[in-house]
Every structure is written in structure tokens, then in C-alpha cells.
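In what follows, every heavy atom counts, from backbone to side chain, and hydrogens, waters and symmetry copies are set aside. What you see is a predicted model; the values in this text were computed from it and never measured. Atoms within a ligand are numbered from 1 in the order they appear, just like the ligands themselves.
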Amino acid sequence: MNMLISESVLTNRQCALLTVGQMAEADRRSVAAGVSSFELMANAGAAVAHEIECHWTPRPVLVLCGPGNNGGDGFVTAHVLAEAGWPVRVAMLGSRFSLKDEARQHAQRWVGEVEALSPEVLEGAELIVDALFGAGLSRPLQDQALETLAAASHGTVPIVAIDTPSGVMGDSGESLGAVPAVLTVTFFRKKPGHLLLPGRDLCGEVIVADIGTPKAVLDAIAPQTYENHPALWLANLPRATSDTDKHSRGHALIFGGYPMTGAARMAARGAARAGSGLTTIAVPEIAFPIYATVLDSIMVRPWLTPEDFGHLLNGSRFSAWLIGPGAGVDKETFGHALAMLATGRPTIIDADAITAFQDEPGALDRAIHGPCVLTPHESEFRRVFDPFGDKLTRTRAAARRCGAVVVLKGSDTVIAAPDGRAIINANAPPTLATAGTGDVLSGIILGLLAQGMSAFDSAAAGVWLHGAAAAEFGPGLLAEDLPDLLPAVFRRLYS
Ligand SMILES: NC(=O)C1=CN([C@@H]2O[C@H](COP(=O)(O)OP(=O)(O)OC[C@H]3O[C@@H](n4cnc5c(N)ncnc54)[C@H](OP(=O)(O)O)[C@@H]3O)[C@@H](O)[C@H]2O)[C@@H](O)CC1
Ligand SMILES: [K+]
């Protein structure tokens, strides 16, 4: 089961992610509150040394220091480990005399030799500390930094990264030449780059260390980005109580396509397992026998003409709609999606229904005026939204443009709201990369929306539940397994 559930004390404040700029602001505010930069750096380096001592027995350590404060942290780490009796060597990019302020002060406390950075210094090291660049990375790695890290990655010696593996951009997770670490120790809060790919894979295990940053700093910064976790939405997750009946738990309607009928059926099971009191698939009459013979608690409503479908929507019984899974990319899907959006009721536009807007993305923006969630994967996203920028930036811009919550799927799914809030999800196992899992995801989100949860909370909770369900199953997962894994995930959430 996902380990995050057991971290019950985690609060939404702890899930906050800070950009590189916000982290620099946190430092400034800490200093203004009376915690000196020297002390912050001393705590940072000591935290790294502490984690190393927790993870490994004493062995020859090589600390690679860079020209900025990341290098300063490295000097503290070297000093603390050496004081504890570990055999430590330091190699540096540039001269220690070019270090500034607190980095220079901490470097002066290192009485040992400082070797010049090159692949040759790796000889004899059994643990490497990467303190070359962190938040100040401003361009691709080159020369000795690139060559030394590349050589280190070819061996079997574990690498511990301070703040980020050098070469990973803290805001985007992009790599400008980074090599994988087995452990990354960062400070105060994670940055988006610790969760977005490839950054997340390059970090290995991530530990967030407290370095004495005052808690009030977070309120002043008011972060807008979070790591997905139940602490963000559990209080708003719909729960059946003794006075609820099936009608008060919402009625989800899914557009059922033909001849691809499996996708809508899987979405329907996802919605029902997520707690929707009633779930109906509206299907063209020709497909009615197929749907009706394989569904039990899910209702099937046939319609003959697009007008019939319109009448169905205008009835007041449904509390949320979904169109996309198996819908087909055609004018009809385009029209049905517009009809759903015109009601102003909570709507999910997924899969084919997103692609149906590829020739007219502006029509999607104009049509959205109620709660709405779009759930594209990368190629669907590119058909209707601007493909430029990192994943977090792109998803935020898309949500702002169209006025809907946008869920840009992947191993590092980003959920963005039109008001600028964003959540990065990190609990999805690779086994989710199989046919039909997206259909179940949109169904789960639908089930939550139908019960009255907000679009942003439904999307965040749906994505997390989907990942937790897949983790619950393990290898060999099929999309159709996912709905039946949700009860176990809910049980754990509520226990
Ligand atoms: N709360 C916190 O966050 C705390 C943070 N702390 C620590 O501070 C770190 C941030 O420090 P930082 O700002 O000095 O940046 P850092 O990463 O050391 O590098 C800057 C230097 O590298 C250079 N440079 C850049 N790219 C390069 C390249 N490709 N190749 C070559 N050179 C390159 C760059 O040159 P420039 O771009 O200016 O020309 C500049 O000289 C942070 O990661 C954390 O470890 C803790 O100490 C305390 C609390
Ligand atoms: K680093």
C-alpha cells in the first residue's frame, strides 16, 4: 500500500512545494526572522551528514563541491563526517577562495586538502556526495562537472545529492546533464523538480530536512503548488452516512460510444466504485444490447437521435457527465460535448472528446462555464493546448486559458486549476501504463464530482486513488482490475 497513507500526521502545509525563487525567499525571510544564513547552511550540511550516517556505515567519502552555496553545504557535510571519524576527501570545481559569504566561511573550516575536480578524483571513493549545483543551476553541465559526474555514474559507488542531483532544474525536473543519485537530501520543502520527470527518477529517495526555517515563512510565501496527498482533500471526500440514500449520492451519466464499448463500461465501474449513488451509460440504440448484457448495477439508457441525447441531458436527474472514453473523434462527439458543457453542470471531457476539439480549440474555451475537468494525456493535450514549457507551466497555462481543471496525465500527472493552484502526483506505479487505465481514472473523478466534490478536489483525489489502487494490485494489472481495488484503498484511508 502507498506509504503516504500511513504518514497520517502529514498536513497540507507539509505537501507544499516551493519554487527555486520561493526557496530563496524562504532563506531571506528566515534571516530576517533571526536565523542566519551561516546557521541555515550549517544545519543543511549537518542534515546531509546525518542521513549518510543513517544509510551507510563509515567508508571513504568523496565530496564534490561547486562554486556556490550548494558547495558550501558540501563543505559542512565533509566537516561533520570527518569529525565523526569518516575518511573524507573534498574535490572542488574552481577555487575555494572564490566562494562567498557563508559558503566561504564554512569552507575555511575544512582543514584537509581540496583537490581539483576531475574524473581521477573518484579513485578510491566508496560514497560520493554531489554538492556541485543545486538551486543556482543556470546552464547545462559542462567540462569537469559533466565528465566527473558521468564517470561517477558509470561505477557502482552510490551518489548522495545535496538539494538536487546537479543538473536537475528545481522548478521543472528537467535534466541538463544530471546523473542518478540513490539519495537526495533537500531542505524545508521539496521543489517541483523533485517530483516531475526526469527529476524524480534522478533523485532516488528524497529526504526533506528541517534546517530551522521558521514555520511562518510558508504562510508569507503562500505556495500554490502541492504534492498530491490525502491531506489535501480527505476532509472533502464524499462519505456515505446513515441518512444518505442512493439519490443523495449523485447520479453520474457517461456517454457510451459504439463500437468501442469497453472504455465507457470501465469508466462507469470506476464512477460507481468511487461512490456515485447511481451510474448510467447513455448509448446509441444500436449498442444497447451490448452494454445491457454485460452491466448489472450500471444502468443503460438508449437514445435514438442527437436530440434524444439532448433531452436526456436537460432532465434534472444527473449530477455530473463524462464524455470521451470510446466516444470516437467526430462531429457527433464534438456536439455532444458542447451539449454537456452548455448545461453548466459538472462535466469531464476526456480522450476522444478532447481530440474532437483539435480543429477548434477555442470552442472548448468558450463552452466551459461550469465545473469542468479535462483529462488529456500528452498527445491529446498537444492537440488543443500550447505545447511549450515544462509540464507544470503548460498545465497551469491550459487551465487558465480554458477555465477548467486540467489533469495532464503521465507518471508525474499534474492537476491544475484556472486560479493557478497546481498539484503534482507521484504515487502512480509504472503498471498503470496499460490500455484503459485512463478510462477508469475519468470514471473515478466522475464518481466524486457526481457526489458534489469540487472539480479540483475530485481530480486530485481521483488521480491519487487511481495510483493507490494500482499500487495495491502490483504487477499484472489490467485496467478492469482498478475499480474493484478502490474499496481496499478507501478502507485504509478511513482507518
Ligand atoms: N533553504 C535553502 O534552500 C537553502 C539552500 N542552501 C543551499 O544553497 C544552494 C543554492 O545556492 P546558490 O544559489 O549559490 O546556487 P548553487 O546551486 O550553489 O550554484 C550557483 C553557482 O554555480 C554556478 N553555475 C550554475 N550553473 C552552472 C553550470 N552549469 N556550470 C558551471 N557553473 C554553474 C553559478 O554561476 P552563475 O550562474 O552565477 O554564473 C554560481 O556560481 C541550494 O541548492 C542549497 O544547497 C543552504 O545552504 C541553506 C538553505
Ligand atoms: K547537488
Side-chain angles (χ1 to χ4, degrees), residues 16-33 35-49 63-77 79-80 92-107 117 128-149 152 159-171 174-191 193-194 199 202-204 206-214 217-218 221 223:
L17 304 172
L18 298 189
T19 63
V20 165
Q22 288 171 328
M23 200 58 94
E25 188 185 341
D27 276 356
R28 283 194 296 275
R29 287 181 180 274
S30 301
V31 172
V35 188
S36 71
S37 305
F38 183 87
E39 201 178 332
L40 289 172
M41 187 172 283
N43 293 342
V48 178
V63 184
L64 310 177
C65 292
N69 289 336
N70 199 249
D73 295 350
F75 274 101
V76 177
T77 304
H79 182 73
V80 174
M92 190 178 167
L93 181 69
S95 157
R96 76 161 116 175
F97 301 106
S98 58
L99 290 168
K100 296 193 185 73
D101 307 321
E102 60 276 11
R104 187 186 182 101
Q105 290 172 275
H106 281 292
L117 189 73
I128 295 166
V129 178
D130 164 14
L132 287 171
F133 309 108
L137 182 80
S138 58
R139 51 193 180 276
L141 299 187
Q142 51 198 0
D143 305 330
Q144 299 100 319
L146 185 69
E147 286 160 25
T148 308
L149 286 175
I159 300 176
V160 177
I162 301 188
D163 199 11
T164 53
S166 298
V168 168
M169 297 294 283
D171 287 347
E174 286 163 287
S175 171
L176 305 182
V179 302
V182 293
L183 172 68
T184 295
V185 183
T186 189
F187 314 116
F188 186 47
R189 291 291 180 277
K190 288 181 197 169
K191 300 178 197 43
H194 291 116
L202 290 162
C203 285
V206 178
I207 302 238
V208 181
D210 177 2
I211 55 168
T213 311
V217 160
L218 204 61
I221 292 175

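Below 3.5 Å of separation, one finds no N or O of Leu132 facing any N or O of ligand 1. Looking at ligand 1, you won't find any N or O of Leu93 less than 3.5 Å from one of its N or O atoms.
In Asp73, the part holding a heavy atom less than 4.0 Å from any atom of ligand 1 is the side chain. Only the side chain of Ile211 comes within 4.0 Å of ligand 1, judged by heavy-atom distances. Contacts between Asp27 and ligand 1 below 4.0 angstrom, taking non-hydrogen atoms only, involve the side chain exclusively.
Those atoms of ligand 1 that come under 4.0 Å of a heavy atom in Gly68, given as number and element, are 14 (O), 18 (O). Close contacts between ligand 1 and Met41 involve ligand atoms 47 (O) [criterion: under 4.0 Å to a heavy atom].
For the pair Asp171 (side chain) and Val20 (backbone), a donor-acceptor distance under 3.5 Å is present. In this structure, the side chain of His194 does not engage the main chain of Thr164 through any donor-acceptor pair within 3.5 Å. Between the side chain of Asn70 and the backbone N or O of Ile162 there is at least one donor-acceptor pair closer than 3.5 Å.
A heavy-atom separation below 4.0 Å is found between Phe133 and ligand 1. In this structure, Ala26 does not count as a contact residue of ligand 1, since none of its heavy atoms falls inside 4.0 Å of the ligand. For the ligand labelled ligand 1, residue Pro140 lies inside the 4.0 Å heavy-atom shell.
Heavy-atom proximity to atom 13 (O) of ligand 1, evaluated over Gly136, Ala131, Gly74, Cys65, is greatest for Gly136. The option from Gln22, Arg139, Glu25, Arg28 that lies nearest to atom 35 (O) of ligand 1, judged by heavy atoms, is Arg139.
Under the side chain to side chain contact (heavy atoms under 4.5 Å, CB included) test applied with Leu132, the options Leu117, Thr148, Leu141 reduce to a single match, Leu117.
Counting all heavy atoms, side chain and backbone alike, Arg104 lies closest to Phe97 at NH1-O, 2.6 Å. Contact record, Thr77 with Gly45: OG1-O, 3.2 Å, taken as the closest heavy-atom pair.
At a threshold of 3.4 Å, the K ion (ligand 2) has a backbone or side-chain N, O or S atom of Phe133 nearer than that distance.
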Next on the checklist: For a side chain to side chain contact (heavy atoms under 4.5 Å, CB included) check, start with the C-alpha distance between Phe188 and Leu218, then their side-chain angles and the critical distance, and finish with the verdict.
Outcome noted: CA-CA 10 Å; Phe188 186 47; Leu218 204 61; 4.1 Å; yes
Checklist entry - What do the steps show when you test Ser175 against Leu202 for side chain to side chain contact (heavy atoms under 4.5 Å, CB included), and what is the final call? => result CA-CA 9 Å; Ser175 171; Leu202 290 162; 3.8 Å; yes
Item to check | Residue pair Leu40, Glu102: steps toward the side chain to side chain contact (heavy atoms under 4.5 Å, CB included) verdict | outcome: CA-CA 9 Å; Leu40 289 172; Glu102 60 276 11; over 6 Å; no
Next on the checklist: Run the side chain to side chain contact (heavy atoms under 4.5 Å, CB included) test on Asp73 and Val48 for me, step by step, so that the C-alpha distance in whole Å, both residues' side-chain angles and the decisive distance to 0.1 Å come before the verdict.
Outcome noted: CA-CA 8 Å; Asp73 295 350; Val48 178; 5.8 Å; no
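In terms of protein heavy-atom proximity, atom 18 (O) of ligand 1 is nearest to Asn70 N, 2.9 Å. At the shortest separation from atom 11 (O) of ligand 1 among protein heavy atoms lies Asn69 CB, 3.1 Å. Atom 43 (O) of ligand 1 has its closest protein heavy atom at Asp163 OD2, 2.5 Å.
Protein heavy atoms are absent from the space less than 4.0 angstrom from atom 38 (O) of ligand 1. For atom 27 (C) of ligand 1, the nearest protein heavy atom lies under 4.0 Å away.
Here the CG-CZ distance, from Asn43 to Phe187, works out to 10.0 Å after rounding to the nearest 0.5 Å.
Every salt bridge (Lys or Arg N to Asp or Glu O under 4.0 Å) that Glu25 has, sequence neighbours left out, goes to Arg29.
Our summary of the site lists the angle at the K ion (ligand 2) between O of Ile162 and OD1 of Asn70 as 80°, to the nearest 10 degrees.
Considering just the N/O/S atoms of Asp130, the one nearest the K ion (ligand 2) carries the name O.
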